[in-house]
Each structure stands twice: as C-alpha cells, then as structure tokens.
J.: 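Supplied in structure tokens, the structure appears directly below.
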Amino acid sequence: MSAANIIRDAESTGSLDDKESLREVLDFLVTEEQLGVTLVSAAIKNAPGTPSEAFLPVLRNGVTTEYHHVQALKQAGGKPLTTKYWFPDAALDNGGIGIFETLETIETIEISLYLIGVSAYARLGEDFGARLCAEAMGTEAVHRALVRFAQGELGNQIGPPNDVGFENFDYPTVSAVREALETLGIGYGVETSQPGRFYEYPGDPIANGVGTPVNHTQPR
C-alpha cells in the first residue's frame, strides 16, 4: 500500500474519531518536520566560525532527513498548519551549544509525536502508516543521540548520548506535544514573547545548498 492511499482507506474502515485523530497527528507531524528543516537550515547558515561548525556534516545530513519526512508525510495526507515559524534567538544561540540543547528537546518531543502516530495507525490496522512513523522515529532517535553527543563534546555534562532503554513517550497527545514545543518560545505562524524572528520553511535543503544526500529516502 502506498502512503497516498492511507487516508482514503482509513475513511472507509475507521471510526470518525480514529480518522480525525490520524489527520490531527499527520497535520502536526508535517508541520513539525517543516519546522525541523527550517531550524536546522538556519543553524547550518549560522555555523561557520562558531562551535557548531565542527558538526556541520551531522546537521547537513539531518536537515535532508527531515525534508524526506516532510515529503512522506505529505504523501500520507498531512497538511502543514503553517510554513512560518517564530524562533527565539536563544534557540539558535548564534551557533553555540544552545542550538544542540534546543534540538535535543525538540527531537525528544517529536519522538512522542511519532509514537502517537504509530498508535493512530495501529488502531486503524494500517501497517504501512505505522511503519512510516516508526521508520521516521528511528532517525529522530539517532538525531537526539547525535545532538547529545555534540553537547558533550562542547562541554555539557550530560553523560552518554545513548541514555534511554525505551524511547520517550512523555507527551501522549498532540496538544501536549504542541504545548511542550511552544514552551520553548516557538511560534507556529505567530510571534511569541521571546525575542527572535520569523523564519520561512525553505524547502529542499539539497536544492538550497545546505543539505547532503542520505540513504533510504522513502518509507517501506
């Protein structure tokens, strides 16, 4: 089954609550993955001459991965809630260690969001959709470990980057996920109280010159 058929088939087999739940998850997932592309693209542009420059290869592959997630989620029926994001200046930290602290928090919360997606697809008996979420979640967990490693290399006393036995599911609803992300001062199409500015989703990072190719670019 292709991703493009998942919502259509769910409409014929699932309950109204299940369908609405799945649409809510997909819409916020694609919105959040666009945020990831936008934030990491900005971090890459800020990196030269800063502590984060040493980790540019990781960031360049990471932004490409997030873009492939955007594309797959759109094929699955996800519709972004916005393409404009308010990022606090502190989140980017002028290329300092703060960008990796921000990314660790975002990745941790996104892992919960993907687990919500796995559950939503499982309720509908959609193995392809559940696998799509699980495959994407696996890469987010890798990203989380990598940004924890970067923090350790830059002086944060965080311990080993592989620090969990099972992945995070502290945010079991989409509203809890969004609330946690907004606590960081992130605005989804709106300005927040924290000093910063708007960033527009830039699209394909390879075409924009900030990303590098990765393997396994489609869910299976």
Side-chain angles (χ1 to χ4, degrees), residues 23-47 50 52 55 58-59 62-71 73-74 78-117 133 136-137 139-148 150-151 156 158 167-203 205 208 210-211:
R23 286 187 180 278
E24 180 188 25
V25 175
L26 285 173
D27 289 351
F28 198 69
L29 270 170
V30 74
T31 302
E32 191 58 27
E33 290 289 13
Q34 286 190 169
L35 178 150
V37 173
T38 307
L39 180 62
V40 178
S41 293
I44 290 167
K45 291 177 180 178
N46 287 346
T50 75
S52 62
F55 304 95
V58 170
L59 293 171
V63 75
T64 303
T65 300
E66 306 290 10
Y67 176 72
H68 287 306
H69 294 173
V70 170
Q71 296 303 99
L73 290 162
K74 286 181 176 178
K79 297 179 180 179
L81 306 177
T82 186
T83 60
K84 185 170 70 171
Y85 303 89
W86 181 270
F87 295 141
D89 295 333
L92 287 155
D93 192 29
N94 292 317
I97 196 171
I99 181 59
F100 297 109
E101 295 170 337
T102 300
L103 288 171
E104 180 187 357
T105 302
I106 290 174
E107 297 292 358
T108 300
I109 297 167
E110 280 186 3
I111 286 164
S112 280
L113 184 57
Y114 271 114
L115 286 169
I116 297 168
C133 289
M137 186 192 70
T139 65
E140 303 297 356
V142 171
H143 294 171
R144 177 182 174 276
L146 287 168
V147 296
R148 281 179 59 82
Q151 289 176 67
N156 266 6
I158 61 166
E167 267 305 342
N168 175 274
F169 195 42
D170 290 344
Y171 309 94
T173 65
V174 174
S175 60
V177 166
R178 181 163 182 165
E179 181 179 355
L181 291 163
E182 289 177 335
T183 299
L184 301 175
I186 293 170
Y188 294 88
V190 297
E191 182 177 340
T192 72
S193 61
Q194 294 193 27
R197 70 177 181 88
F198 281 115
Y199 294 77
E200 187 73 24
Y201 172 62
N208 293 332
V210 297

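Heavy atoms only: backbone and side chains are in, while hydrogens, waters and symmetry mates are out. What you are looking at is a predicted structure, and each value in this text was computed from that prediction instead of being measured.
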J.: Going by atom types alone, do H143 and E110 pair a side-chain donor with an acceptor below 3.5 Å?
T.: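 The criterion, which ignores hydrogens and geometry beyond distance, is not satisfied for E110 and H143.
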J.: Does the side chain of Y171 come within less than 4.5 Å of L113's, by heavy atoms?
T.: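 L113 vs Y171: side chains apart.
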J.: So, N46 side chain and L92 main chain: donor-acceptor pair closer than 3.5 Å or not?
T.: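 Side chain of N46 to backbone of L92, a donor-acceptor pair under 3.5 Å: no, none is there.
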J.: Determine, stepwise, if the pair T139 / H69 fulfils side-chain hydrogen bond (donor to acceptor under 3.5 Å, both in side chains).
T.: CA-CA 10 Å; T139 65; H69 294 173; 3.1 Å; yes
J.: In the structure I gave you, are the side-chain heavy atoms of L103 and L39 within less than 4.5 Å of one another anywhere?
T.: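 A side-chain contact exists here, since the closest heavy-atom pair is under 4.5 Å.
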J.: If I take atom OH from residue Y114 and atom CG from residue N168, how far apart are they, to the nearest 0.5 angstrom?
T.: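 CG of N168 is found 15.0 Å from OH of Y114.
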J.: Please check this pair: side chain of S41 against backbone of T38, looking for a donor-acceptor N/O pair closer than 3.5 Å.
T.: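 Here the side-chain-to-backbone pair does not exist.
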J.: Evaluate the side-chain proximity of P88 to L184: yes if any heavy-atom separation is below 4.5 Å, no if none is.
T.: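 L184 vs P88: side chains apart.
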J.: Does the side chain of Y85 come under 3.5 Å of the side chain of E32 through a donor N or O and an acceptor N or O?
T.: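 The criterion, which ignores hydrogens and geometry beyond distance, is not satisfied for E32 and Y85.
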J.: CG/L73 to CZ/F28 distance, rounded to the nearest 0.5 angstrom?
T.: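 Here the interatomic distance stands at 12.5 Å.
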J.: Hey, does V63 have a side-chain heavy atom less than 4.5 Å from the side chain of L59?
T.: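 When only atoms from C-beta onward are counted, V63 and L59 do not touch, as no gap falls below 4.5 Å.
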J.: Using side-chain heavy atoms (C-beta onward) and a distance below 4.5 Å, is N156 in contact with F100?
T.: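 Sidechains of F100 and N156: no contact.
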J.: With a 4.5 Å heavy-atom cut-off, do T102 and D93 have their side chains touching?
T.: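 No. Closest side-chain heavy atoms not under 4.5 Å.
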J.: A quick test of your reading: do over 12 heavy atoms of other residues, nucleotides or ligands sit less than 6.0 Å from CD of E179?
T.: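 It does not: E179 CD has 12 such atoms or fewer within range.
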J.: May I have the step-by-step check of side chain to side chain contact (heavy atoms under 4.5 Å, CB included) for I99 and T50, ending in yes or no?
T.: CA-CA 11 Å; I99 181 59; T50 75; over 6 Å; no
J.: So, taking the atom named OH in Y188 and the one named CG in L181, what distance separates them when rounded to the nearest 0.5 Å?
T.: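 Spacing of OH (Y188) from CG (L181) equals 4.0 Å.
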J.: So which of R144, R148, E140 actually passes side chain to side chain donor-acceptor pair (under 3.5 Å) with T108?
T.: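 Exactly one candidate clears the test, R144.
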J.: As an exercise, state the distance from CD of E104 to CD1 of I109, rounded to the nearest 0.5 Å.
T.: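 Reported value, rounded in 0.5 Å steps: 10.5 Å.
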J.: Hey, does the side chain of Q34 reach the backbone of T82 with a donor-acceptor pair shorter than 3.5 angstrom?
T.: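 Yes; judged by distance alone, with no hydrogens or angles, the pair exists.
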J.: Supply the atom-to-atom distance E24 CD to L29 CG, rounded to the nearest 0.5 angstrom.
T.: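 Nearest 0.5 Å value for the CD-CG distance: 10.5 Å.
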J.: Could you check whether any side-chain N or O of W86 sits under 3.5 Å from a backbone N or O of Q194, counting only pairs where one atom can act as donor and the other as acceptor?
T.: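 Side chain of W86 to backbone of Q194, a donor-acceptor pair under 3.5 Å: yes, one is there.
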J.: Can you find a pair of side-chain heavy atoms, one from I106 and one from L35, that are under 4.5 Å apart?
T.: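 Result yes, sub-4.5 Å side-chain heavy-atom pair found.
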J.: Under 3.5 Å, is there a donor-acceptor pair between the side chain of T192 and the main chain of G185?
T.: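 Pair found, side chain donor or acceptor close to backbone of G185.
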J.: Backbone N or O of Y201 within a donor-acceptor pair of the T83 side chain at under 3.5 Å?
T.: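 Side chain of T83 to backbone of Y201: no pair is present.
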J.: Side chain to side chain contact (heavy atoms under 4.5 Å, CB included) between F198 and E200: does it pass, once the steps are laid out?
T.: CA-CA 7 Å; F198 281 115; E200 187 73 24; over 6 Å; no
J.: Write down the atom of T64, the atom of G211, and the distance for their closest heavy-atom approach.
T.: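 Distance-wise, the nearest heavy atoms are OG1-CA, 3.4 Å.
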J.: Over all heavy atoms of both residues, which pair between V30 and K79 is shortest? Give the atoms and the distance, please.
T.: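 Looking at all heavy atoms of both residues, the shortest contact is CG1-C, 3.6 Å.
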J.: If you look at every heavy atom in S112 and D170, which pair is closest and at what distance?
T.: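 Scanning both residues completely, I find the closest heavy atoms to be OG-N, 3.3 Å.
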J.: For residues E167 and F169, determine if any side-chain heavy atom of one lies less than 4.5 Å from a side-chain heavy atom of the other.
T.: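 Of all side-chain heavy-atom pairs linking F169 with E167, none is under 4.5 Å.
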